[in-house]
Amino acid sequence: MGWILNLVPDLQFLTAFSLNAVPPYSFRLTVRKPAGWSLLTPHEIFKDDTLWTAMRVQSGEAFGLKLRPTGTLNEPHIDCAVFSSETLTAYKKRDLSDAVAWMLGLNEDLREFYCLAESDSLLRVLVKDLYGMRRTKRPDIFPMLVLAVTLQMAPIKRSDQMMDLLIKNYGEKMKFDGKEILCWPSPDTIARTSVRELEEKCKLGYRARVLKGIAKNIQQGFPTLRELEKMTPEAAKAKLMELKGIGEYSADIVSPHPGFAVDVWSAKIFSLLLFGEKPDSPRDIIPRLKKTAEERWGGWRGYVFTYVLNDLNNLSKTFNLDLTSL
DNA sequence: GCGTCCAGGTCTACC
DNA sequence: GGTAGACCTGGACGC
């Protein structure tokens, strides 16, 4: 009975705080990305510039979040309301406030990136179109790994179908502030579900075995994203690649360090943008693209990646390329 | 309708 | 160390 597993007590205790962001900061572009990426779950609610979303941190605790921007692009503040199942200690409140700031990229200073853009024709367009947008991070690693695994060897429509079925069959419904938000399944839920059931209910194919294995690894104490961030980029990537089913591409997607997670689809886009041509073999051009990105943008290449994939419509018009039907 | 092909990687066996 | 082949399965496509 899946729904019994998915009950989460109502999150009725409220803690509120306000956070400052390093300007320029666009709340809307950051949490509601033009490409349609959600902050924490596809089922979060965004209305009148306010975001209701929910998260389960790696320790297992669940929280509802209501986030609203105040101030301006150049003097940005975010009002945060956190809903929990019990009252929070001062220590916990500070911990959560740090986690939200980290997640929203509030303390990231983009001045160097925007400086780089002044002498780079592609970046100039990106920065103008998406001024103030941040990359965001997650408090829990499992949904990132689910994303990476379901993207493997499948058209995007099928990846969406697998993720949608995982959330609908095994996700957790969190109730707070008069809203109900459906969240990603926890590693515990997936670890105790049979491979057969995952295959049948979520159409995962061989990925069912892979995801269950990853869920078990997390149960046994796999590092959190914040812990991976404290490692060197190489060590974090190597750690992720110890997971069965996580190769170089998936590790780049999941790693909190700025990577350049090019796959066959994005290789076609970047090949057109950087070399002006459609590659005969997109897979073979990936190493060249990664090298070019590192030389041209260094540590900002992860930001370039996010900005490009969220600006395909405008880039197509500006550079007279068809980047949206690849 | 039905058959065929292949997808936004990864792993393994084999050379 | 490099590389071919298998891996699940649903959806697109041609007939």
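Just so we're on the same page: letters track the sequence lines, and every chain starts at 1.
In this model, the phosphate group of B/dA7 is not approached by any side-chain N or O of A/Ser159 to a distance below 4.0 Å at OP1 or OP2. For C/dG10, the OP1/OP2 oxygens have no side-chain nitrogen or oxygen of A/Gln161 closer than 4.0 Å. One finds a side-chain N or O of A/Lys157 lying less than 4.0 angstrom from the OP1 or OP2 phosphate oxygen of C/dA12. A close approach under 4.0 Å does not occur between any side-chain nitrogen or oxygen of A/Arg158 and OP1 or OP2 of C/dC8. A sub-4.0 Å separation between OP1 or OP2 of B/dT12 and a side-chain N or O of A/Lys244 is present.
The number of heavy-atom neighbours closer than 6.0 Å to CD of A/Glu112, taken from other residues, nucleotides and ligands shown, is 12 or below.
If you check B/dT10, C/dC8, C/dA12 against the side chain of A/Arg207, the one that comes closest is C/dC8.
No cation-pi contact links A/Arg56 to A/Phe142, judged by a cut-off of 6.0 Å to the six-membered ring centre and 45° from its axis.
Distance, A/Leu309 CG to B/dG8 P: 14 Å, rounded to whole Å.
Nucleotide B/dA7: paired with C/dT9 (Watson-Crick or G-U wobble, both distances less than 3.5 Å).
Using a cutoff of 4.0 Å between basic side-chain nitrogens and carboxylate oxygens, A/Glu227 and A/Lys239 are not scored as salt-bridged.
Among the protein residues, A/Leu243 comes within range of the sugar-phosphate backbone only, with heavy atoms under 4.0 Å from sugar or phosphate atoms but none that close to a base.
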